[in-house]
Q: 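Below you will find the structure I want to go over with you.
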Amino acid sequence: MVNTATTEQRHTVEVNLGPQHPSTHGVLRLLVELDGEIIVSCRPVIGYLHRGLEKMFEKRSYKQTIPFTDRMDYCASLNGNLAICQAIERLGGLQAPERAQYIRVLLCELNRIASHLVFLATYATDIGATTVFLYAFREREKCLDLMECMTGARLTYNYVRPGGIPQDLPDGFENGLNCFLDDLLKALEENDRLLTGNRIFRGRLEGVGVVSPEMAAAYGASGPVARGSGLNYDVRKTAPYEVYDRLEFDVPVYHTGDCMARYLVRIEEMRQSARIIRQCLKDMPAGEIMCKMPKIFKPPIGQAFSRTESPRGELSFYMVSDGTPNPARVHGRTPSFVHLGMLPAMLPGVKIADVIAILGSLDTVLGEVDR
Amino acid sequence: MNAEILTEILGDRLISAEDQPFSTHIVVTADNLLSVCTELHSNPRTQLDYAGDITARDTGKEIILWYRLESMTIGTTLTINVTVPRDEAVVPSVQAIWPGLNWFERECYDMLGIRFEGHPDVDNPELMRILLPEDWEGFPFRKDYVPVFSGNPLHGPQETN
Amino acid sequence: MTSGILRSRRPIRAAEVGLGISITVAIIAIASAIPHLPWQLLKPLTSFVARYPLLNALANAAMVANFVALQCLGFIWLERKFAGWMQARVGPMHVGWKGLLQTVADAVKLLLKEDIVPTDADKPLFALAPYLVFVPSLLTFMVLPFTSAWVGYDLPLGALFVLSISTTSILGVFAAGWGSNNKYSLLGGVRAIAQLLSYDVPLILVMLSVVMLSGTMSLTGIVTQQEKLWNIAAHPLLMIPAFLIFLICTLAEVNRAPFDLPEAESELVSGFHTEYSGMRFAFFFLAEFANNFFSAGLAVTLFFGGWLGAGLPAAVWFTLKTLCVIFLMMWIRWTLPRLRIDQMMSFCWKVLVPASMALICAAAIAGVSH
Amino acid sequence: MNTIQDLFSGFMSFLRGMKITGANLGRDKTTVLYPYEKADVAPRYRGLFVLPFNEANGRLNCTGCTLCIQACPTNVITLTKLGAGKHGGIQDFQMDLGRCMFCNLCVEACPFEAIEMTTQFELASTDRNVCVFPLTSLAQGGAAAAEKNYNTISTALAAEAAEKAAKAAAAGESGGHGAAHAPKEGA
């Protein structure tokens, strides 16, 4: 965008936002060229958290890949579990029992709430409203308590297995869940008054970081980023998996494409998730939670592709089997990776404070970007 | 969009086409890839306007690229397989059509050493590297890649003593 | 929480709220007791000191400095406790009784910390900056009337003095930003200059409107003139907007949220004091809290009748009112998000300056009609 | 006029927000003063491992079948077998918790319920060597249990070997065919 002649005239300053910076939410480095407070160009540098997960998958059996997906998107690790398990199920022709599918959906939505609450917390802090951070985490804490009761872990759940789920709902879970959902809806309403309606907050977000629907599509944006730009694209609706086609929920779509739209999509999604969870609790049938699995799982030669709607967007796995107990190739298409790629196009012309607002509104998780 | 429409549109540029449960799958050659993509992006019957995914794998004999593209307007998924030889892995870059695929192409270079002709950073391997450090040698997902083992940082007590 | 599966939460005990209030009251009591201490016992000493003007000045300065440092300790604790309670936390709990000595511990820690000077820093500027920031905020206390008797120096042009002195702290902030040789610091310094200079304009205008109504620039004079009715009650239509503008401007002057742009930690890491550590950092911190207390005290002086009030000793009234204003500032700080630089500037020049101009006109009319 | 309206609505939005933060002053606090008070974790919580001691049999459940080793994605477990067959067990069992990601796969893989996860979560240490847990600290009941396990198994194995030897002797008397294999199996 910028040629050397103008940079020399303008005496721009190059600033490294990150890798250690309070607002990059991980180890992301943004090489930003500044003209005063205004961004001239930006180059994201990633890979600081690269652990070679895809390479590690090749050396491990199918079941052993699951705990590693926890480490990708650590805010919503259940979606990673689900995505890779779906790919494995499709490779091996397995089908999870209906009850397991309901529980998977229930937990994924609970996890979506937890993830969006982290977004709300960190985003408010990025904008400067530190108090919302703790209010959101207060609710998330209850959410994590429930997840802990269910899965045994607070962050890295490793709960979905190819062909079902390992454990059924614990006693008292429904009651606790209902309590939490009531609290959550109250807290969201409170948050609307505290943060969403705040004049400064709106002023900081409205009209900032606008992404047009065409740009969103061309850059492969998904999830709240796409839906904030007016793309009605939700994998849960366009390519329903598990039992999403039986559940009733709305996909919030906002057309302004700015940070506020992305924020509002996420807030509304939490309400919809609560709705889905209530339906799941109501509709869940009794029965098996795990289908029959061979002792050593060797799927036939072939390739499988699964996609799920993670809180950040479309999380898909492409998995190739060569008939051995280990996958020949696993590739994860992670939404944060795609969204970070949009930054060089979004940032030029905005102010430093907006960089933080835009980066926060993409809600990237660096564990997922670098894999 | 299904295999028949694609055969009709692409004609002899297509090696094979079949309908799969979650997508339509076609196979093209590397030479035809750019023209096929341009066509599918602009053709009103396909309208593949959404940048999906690029990945590749090394089978030991050749490298197979896998493209996934979607249409937001029609709501269909298309996957493309392109096979290139291992020692001369060159494909045209499609990041001009879908800028979102820029980073996926960089990742493919990073992991498998595929050269994307027409990519803005193609001649600068340092910029082309994305996840690995700029001075990394070799391409880890190639079957002949030998990892340089620099010691396990989490070794047990047996190794320390 | 009725469900057994969710953990029970820590209920805030009435005792804790009571504790917060009682400690606050204790601070007030100590502050108010100071003028009533048996100072006459020290009369030989004070009369000796009074004979030598330089010694006298030094003694006064030492008292003010100690007072500022001590009240900072108290208010930092208060702020952390209030912030904690507002944020569903409990605040400092471990050092001392209910965390009362936390700030002391932090101060000791800061004193013991390594004093880091970046290699390429402009060393004299870097070293000087904290004092350039701290000294003006200390100086302003000289004219702040705690009671009619307890005022460092009752300057006839007190209001003018306050304005001109507090503005000089910009110099220190920019010296810090420039001297650190850090891009974040520089940006923070630049932001600080833009912000402090802009917000000085409406601040001066608002203070002028009060001065015009009072007919004096002496701060004690402004207070004594409110003997019948506090300013805010005497001219509510005029003074409530004036107080709001004054509050906004002081928030900007002391770099507190929503105007903490010079040190916006989510954007500029820590702004102009990114590179500072140890005691130099403590001086910035001290200056911020001293400024905060002073601004609240000034607001009380201008709008709420200073030490005036029935029943309690004058200094208690003053401290109590100041505490209320400080609490208001804390409350605002922990509620509002941060403004963006252009919004902040346009808010100042497009809203605050015209509004304060209008206030001046209204004050002039009101003054004439008196 | 618009500006004034905007200002007013903005001011009111601040007041609404301040009402909420103010109300939170007196609400329940979420803080758990960690080292002084500990939150109780869920029964399913995946913490430190334990090898349950089977009082009825006087030994640990583990038979040394290595299924957990095969299930583990990060090579946490190393074990030394003690004998084989019906009475087979373990002599030593090490878990390198520095590598463990508490994924529960080993527990699920175990057909004998020989590994369990406890709710103990305070596993941090400043020394990597402390992360390797030997059998004596993993076994439920500590070193005594490990000792008991060893004794029970070795007694059982000895008894088995003796029985086999007796059988072999008997077989040797009758036919002599099984005698060639007997020492091998016993060893």
Side-chain angles (χ1 to χ4, degrees), chain A residues 43-55 58-59 86 90 213-222 226 230-233 235 237-239 241 302-307 314 316-320 322 327-334 337-345 369-371, chain B residues 20-23 25 41 47-60 63-64 66-77 79 81 95-108 110-112 120-121 127 129-134 136 139-143 145 147:
Chain A
R43 190 166 79 85
V45 182
I46 60 172
Y48 293 94
L49 223 56
H50 180 60
R51 294 148 290 178
L53 285 185
E54 290 172 6
K55 185 80 180 167
E58 291 178 13
K59 299 272 184 272
Q86 277 181 6
R90 279 171 198 176
E214 293 79 28
M215 181 181 163
Y219 274 88
S222 53
L231 281 188
N232 191 352
Y233 177 54
V235 180
K237 286 278 188 199
T238 55
Y241 53 96
Q303 55 183 27
F305 164 63
S306 76
R307 46 177 164 161
E314 181 197 311
S316 63
F317 274 102
Y318 168 70
M319 197 177 243
V320 182
D322 55 358
R329 174 87 169 97
V330 184
H331 168 74
R333 184 230 197 235
T334 47
F337 181 76
V338 183
H339 293 157
L340 269 192
M342 298 169 75
L343 279 182
V369 174
D370 297 338
R371 300 195 287 284
Chain B
Q20 287 179 348
F22 298 101
S23 65
H25 183 72
H41 179 251
Q47 289 190 36
L48 293 171
D49 52 355
Y50 186 84
D53 195 353
I54 302 179
T55 187
R57 68 193 165 99
D58 182 10
T59 61
I63 286 173
I64 303 173
W66 182 81
Y67 288 71
R68 178 168 68 80
L69 302 163
E70 315 236 350
S71 169
M72 283 289 109
T73 36
I74 306 175
T76 48
T77 307
T79 52
N81 263 16
Q95 67 92 27
I97 309 172
W98 299 282
L101 294 181
N102 183 327
W103 279 23
F104 285 107
E105 289 184 348
R106 282 175 68 185
E107 197 194 333
C108 280
D110 206 4
M111 298 301 167
L112 285 126
D121 301 328
L127 283 183
R129 287 272 184 207
I130 183 164
L131 292 175
L132 298 177
E134 283 139 21
W136 191 270
F139 304 103
F141 276 68
R142 295 250 180 167
K143 288 288 176 208
Y145 176 78

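Throughout, a chain's letter reflects where its sequence line sits, starting with A, and its residues are numbered from 1.
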Q: Taking only residues two or more places apart in sequence or in another chain, which ones pass side-chain contact (heavy atoms from CB on, under 4.5 Å) with Ala345(A)?
A: Met215(A), Tyr219(A)

Q: Report yes if the side chains of Asp53(B) and Phe305(A) come closer than 4.5 Å at any heavy-atom pair, otherwise no.
A: no

Q: For Ala328(A), which atoms come within 4.5 Å of any heavy atom of chain B: side chain, backbone, both, or neither?
A: backbone

Q: Taking all non-hydrogen atoms of both residues into account, name the closest pair between Phe337(A) and Trp103(B) and its distance.
A: O-CE3, 3.5 Å

Q: What part of Ser316(A) lies closer than 4.5 angstrom to a heavy atom of chain B: side chain, backbone, both or neither?
A: side chain

Q: How far does CD of Gln303(A) sit from OG1 of Thr79(B), to the nearest 0.5 angstrom?
A: 7.0 Å

Q: Check whether any side-chain heavy atom of Arg371(A) lies under 4.5 Å from a side-chain heavy atom of Glu107(B), and answer yes or no.
A: yes

Q: Which residues pass the side-chain contact (heavy atoms from CB on, under 4.5 Å) test with Ala218(A), not counting sequence neighbours?
A: Pro99(B)

Q: Looking only at non-hydrogen atoms, find the nearest pair between Lys55(A) and Pro140(B) and report the distance.
A: NZ-O, 2.7 Å

Q: Quick check for you: to the nearest 0.5 Å, what is the distance between Leu131(B) atom CG and Arg51(A) atom CZ?
A: 10.5 Å

Q: How about Met72(B) and Pro213(A): do any of their side-chain heavy atoms sit closer than 4.5 Å?
A: no

Q: Sort Leu231(A) into side chain, backbone, both or neither according to what part of it lies under 4.5 angstrom from a heavy atom of chain B.
A: side chain

Q: If I measure from the heavy atoms of chain B, does Leu340(A) come under 4.5 Å with its side chain, its backbone, both, or neither?
A: both

Q: Considering only heavy atoms, which portion of Arg129(B) lies under 4.5 Å from any heavy atom of chain A: side chain, backbone, both, or neither?
A: neither

Q: Does the side chain of Thr55(B) reach to within under 4.5 Å of the side chain of Arg329(A), using non-hydrogen atoms?
A: yes

Q: To the nearest 0.5 Å, tell me how far His331(A) NE2 sits from Phe141(B) CZ.
A: 9.5 Å

Q: With distance as the sole test, does Tyr50(B) use its side chain to make a donor-acceptor pair with the main-chain N or O of Ala216(A) at under 3.5 Å?
A: no

Q: Is the closest basic N to carboxylate O distance between Arg307(A) and Glu70(B) below 4.0 Å?
A: yes

Q: Measure up the Trp66(B) and Tyr318(A) rings against each other and bin them: parallel (under 30°), tilted (30 to 60°), perpendicular (over 60°).
A: parallel

Q: Distance check, rounded to the nearest 0.5 Å: Asp322(A) atom CG versus Arg57(B) atom CZ?
A: 8.5 Å

Q: Do Asp49(B) and Glu214(A) have side chains that approach each other closer than 4.5 Å (heavy atoms only, starting at C-beta)?
A: no

Q: What residue in Ser306(A), Ala217(A), Gly52(A), Ala239(A) has the most heavy-atom pairs under 4.5 Å with chain B?
A: Ala217(A)

